[in-house]
There are 2 protein chains.
Amino acid sequence: MLITQKCHYAMRAVFELALQYNQKSGPIKIADIAKAQSIPPRFLEVILSQLKQGGFVGSQRGSEGGYYLVRPPEKLMVGEVIRFIQGPVIPPETKKKETASKEERVFQELWRRVEDAISGVYDSVTFGSLVERWEKTRDVPVLHYSI
Amino acid sequence: MLITQKCHYAMRAVFELALQYNQKSGPIKIADIAKAQSIPPRFLEVILSQLKQGGFVGSQRGSEGGYYLVRPPEKLMVGEVIRFIQGPVIPPETKKKETASKEERVFQELWRRVEDAISGVYDSVTFGSLVERWEKTRDVPVLHYSI
DNA sequence: ATATATCCTCACTATTCCAGTCGACATGAT
DNA sequence: ATCATGTCGACTGGAATAGTGAGGATATAT
């Protein structure tokens, strides 16, 4: 699978922090993020602490503590988060010319192109743009009314 | 991981059959494909029989039997094989608008773009073009001589 | 100061998926 | 008839994924 569940959660968590970024209402609690984005809270703990390691978020301990985004959402590409949580799309050994057999080498150009194509998308979308889109469509009713 | 080992094997197997396609030397034995492409023979058995189910290859039983490509390599896109072996890049439930929560819906456009980007590459490369490339570079010495 | 709310750490489990194997059987060429 | 092949279904070991548990550390409120 291209995107793991964990990565989906990570992106939704960052997205949630991005939504609140301009509200200046202090750090957001794990519990709140978990609720807003329907993420198992204990699992979210693991994820956020990993995102902190990666320098994407910061935290405040104690009462009224929580997490916050380090960079403004417009300067945070989704690709950065995805790559950090998931690792590279194409594993390095698939790309290494030296260790590849002749047969494998035929495919390397293909994998390179695939990776570039994916990166092109990943790096053209920021959490800022996602928030913008969200703001625009937040009140648009779902088309699929119950019958 | 985007491409499983099994899928790599499948592509190399098909590629091997593509190489021999114009030689008209009858079906190729599992053992030969396995040897040429360094694939565990028993595993290759599983893979080829799956590819047969998918209509990509045909087989001949008995002595002097083996496998052969059903379509000419130029008319076989790598995407067809990859999608058949691996299933869709983005799982359908990630894309379904009806079942997605509001939060998930923000990301759907992103996943759609990623999928399209990948498909664009997958569907622009045929096994015929891979064989061509192979024929061109088959005798180019490896740059990395042993020291 | 104390209580409490929060993050922090790290180990642990359950489940699923992947890669690969095994044994017995079916079929076709010679 | 024999032997070389493909066919079939079950099976296993290991890795990765998703998620949980228990207790510790620290900041804020009172």
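First the proteins, then the strands, lettered A, B, ... as listed; each starts at 1.
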Which pairs count as salt bridge (charged side-chain N to carboxylate O under 4.0 Å, His left out) when at least one residue sits in residues 46-65 of chain A, sequence neighbours excluded? none

Which whole-number value in Å describes the distance from [X] [atom1] to [N] [atom2]?
X	N	atom1	atom2	result
H8(A)	dG19(D)	NE2	P	12 Å
I30(A)	dA25(D)	CD1	P	18 Å
L44(A)	dG19(D)	CG	P	12 Å
Q50(A)	dC7(C)	CD	P	17 Å
I47(B)	dG6(D)	CD1	P	14 Å
L17(A)	dC7(C)	CG	P	11 Å
I39(A)	dG19(D)	CD1	P	10 Å
L51(B)	dT7(D)	CG	P	12 Å

Hey, are R105(A) and T137(B) close enough side-chain-wise for a donor-acceptor pair under 3.5 Å? no

Checking P41(B) now: which residues fulfil side chain to side chain contact (heavy atoms under 4.5 Å, CB included) with it, not counting sequence neighbours? A34(B)

Residues two or more places apart in sequence or in another chain: which of them pass side chain to side chain contact (heavy atoms under 4.5 Å, CB included) with S129(B)? V125(B), T126(B)

Close N or O pairs between protein and nucleotides 9-14 of chain C (under 3.5 Å):
none

Closest listed nucleotide, where the reference is the side chain of K29(B) and the choices are dC8(C), dT20(D), dG6(D): dG6(D)

Report the nucleotide, chosen from dT21(C), dA27(D), dC8(C), that has the shortest atom-to-atom distance to any side-chain atom of Y67(A). dC8(C)

Quick one: on DNA chain D, does A31(B) or Y9(A) contact a more 5' nucleotide (nearest heavy atom)? A31(B)

Whichever of G65(B) and Q60(A) has its nearest DNA chain D nucleotide further upstream toward 5': G65(B)

Only counting residues at least two apart or in another chain, list the ones meeting ring pair (Phe, Tyr, Trp, His ring centres under 6.0 Å) with Y68(B). none

Identify the residue among M11(B), R12(B), K6(B) that makes a side-chain contact (heavy atoms from CB on, under 4.5 Å) with I47(B). K6(B)

Of all heavy-atom pairs linking K95(A) and Q108(A), the shortest is O-NE2, 3.3 Å

Locate the shortest heavy-atom distance separating Q37(B) from E16(B); write the atom from each residue and the value. NE2-OE1, 2.8 Å

N or O in side chain of K52(A) less than 4.0 angstrom from dC8(C) OP1/OP2: yes

Can you pull every protein N or O that's under 3.5 Å from an N or O on nucleotides 13-17 of chain D?
none

With heavy atoms under 4.0 Å as the rule, sort L48(A) into base, sugar-phosphate or nothing. nothing

Pairing of K96(B) and E104(B) as salt bridge, 4.0 angstrom limit: no

